[in-house]
Every structure is written in structure tokens, then in C-alpha cells.
Amino acid sequence: MLNTVILYSTVDGQTLAICQKIKQILVEQGEQVSVVNLAEAQADDLASVDKVVIGASIRYGKHRPELFKFVEQHKALLDTKRNSFFSVNVVARKPEKNTPETNPYMQKFSNLSAWKPQLLGVFAGKIDYPRYRFFDKFMIRFIMWMTKGPTDTQGTFEFTDWGKVDDYAKQIAAQK
């Protein structure tokens, strides 16, 4: 039985929800899976596993610093495992920006990180205006207005393509 750890960095929880879906698929495929917050992950979380999956969200155009710090500190160990990385961002709601080759945040990650994951994924996230603090609500609404996205601050808008998440999880499962 393969042992997999899924590490996540999330702001509002959509990346964690995606990680839980990936875990479900991997468990169905016979893998033992743990899900760990990237901010709390240690080298020990990587040492005893066969696969490492990292998922990270975007806020205001950037992955969180903890992502880059972690992959920089653990690159050598990551490279010894079957590994994958996915990014969650609302820009990926647009068909022309929803692949690793076309998503600007995945391209930015690839340029900034020395780690080159074996498998990449990009998923559209979620906008949940009612949960945001005033500043975030204002800023995200402004960004959505500029990019022709939803601006109704009473609404919640989920863009995640769960079928695409399933397909990605099956690709991870195929890494033997």
C-alpha cells in the first residue's frame, strides 16, 4: 500500500476542500493518505511517504510565503518522492487560463521555485463574499469587476471543476 501525504496552504478553505476530494479518490485506489497543513508540516511528514502532493491557493496574486519556504527547505527530499503540485486561483475560472501551461500563477511558481514537480494541476477556486472582512470584500470585488467576474457581495461563487479534480487525483494514483 502506497503512503501519500497531501500538504495544503489555504486562505479560505477551498484548497483544503480540494485536498479532501483528492484524498477520497486516493483512498478508493488503495492508498493510505494524510492531509497536513503546510504551515505545520515537518521533514518527518515527508520521510516515510511514497508520494507528496502540495496544494496552494492564491490571494492577491501570490502564493503564500510558507509555500516557497517549505519547498526551498525540503526540495532535496521532495525530489526523492513521487510528487505533484496544484494551484487554486479564481483566474483559472477562465478556460484560457485553467491549465498549468496557461495559468499565470503556475507559471510564476515555476519561475520562482527551484522545485520542479512531476505532475502539475490548476483548479479554479471560490469567492465567498459573505465570509470576507470588509477590506478583502472590497478588494476582491474590485478585482472581479476589473476581470469581469462576479461582484454581488451577497453571493458565493464556486468555480471549481470537481471532475477535473477527480482526473488529477487519478493521475496522482497512477504514479506508481
Q: Would you check if Asn98 and Asn103 make a side-chain contact, meaning some heavy-atom pair closer than 4.5 Å?
A: no
Q. Which atom pair, heavy atoms only, marks the closest approach of Leu67 to Ala56?
A. CD2-CB, 3.8 Å
Q. Are side-chain heavy atoms of Ser9 and Thr15 found at a separation under 4.5 Å?
A. no
Q) At their closest point, which heavy atom of Lys108 faces which heavy atom of Lys62, and how far apart are they? A) NZ-CG, 4.1 Å
(Q) Could you check whether Gln24 and Glu28, counting side-chain N and O atoms only, form a donor-acceptor pair closer than 3.5 Å? (A) yes
Q. Which residue pairs pass the salt bridge (Lys or Arg N to Asp or Glu O under 4.0 Å) test with at least one member in residues 166-176, sequence neighbours excluded?
A. Lys21-Asp166
Q: Flag the pair Thr156 / Ile127 as yes when at least one side-chain heavy-atom distance between them is below 4.5 Å, and no otherwise.
A: no
Q: Check whether any side-chain heavy atom of Lys94 lies under 4.5 Å from a side-chain heavy atom of Thr147, and answer yes or no.
A: yes
Q) Among side-chain atoms of Thr4 and Gln32, is any donor-acceptor pair under 3.5 angstrom? A) no
Q: Assess whether atom CH2 of Trp162 is packed by more than 12 heavy atoms of other residues, nucleotides or ligands within 6.0 Å.
A: yes
Q | For Phe123, ring pair (Phe, Tyr, Trp, His ring centres under 6.0 Å) partners two or more places apart | A | Phe86, Tyr168
Q) Should Lys97 and Tyr105 count as side-chain neighbours, where that means a heavy-atom distance under 4.5 Å? A) no
Q. When you look at NZ of Lys69, are more than 12 heavy atoms from neighbouring residues, nucleotides or ligands closer to it than 6.0 Å?
A. no
Q.
Check Glu31 with Lys51, please: is the shortest side-chain N to carboxylate O separation under 4.0 Å?
A. yes
Q) If you draw a 6.0 Å radius around CD in Gln107, do more than 12 non-hydrogen atoms from other residues or ligands fall strictly inside? A) yes
Q.
Do Asp50 and Lys81 make a side-chain contact, defined as non-hydrogen atoms from C-beta onward lying under 4.5 Å apart?
A. no
Q) Is there a chain of hydrophobic side chains (I, L, V, M, F, W, Y, each step under 4.5 Å between heavy atoms) that links Val91 to Val11? A) no
Q. How far apart are the C-alpha atoms of His63 and Ser57, what are their side-chain angles, what is the distance that settles it, and do they pass the side chain to side chain donor-acceptor pair (under 3.5 Å) test?
A. CA-CA 6 Å; His63 287 104; Ser57 64; over 6 Å; no
Q: Kindly indicate, with the supporting measurements, whether the criterion ring-ring contact (aromatic ring centres under 6.0 Å, His included) is fulfilled by Tyr132 and Phe138.
A: CA-CA 9 Å; Tyr132 300 150; Phe138 175 80; over 10 Å; no
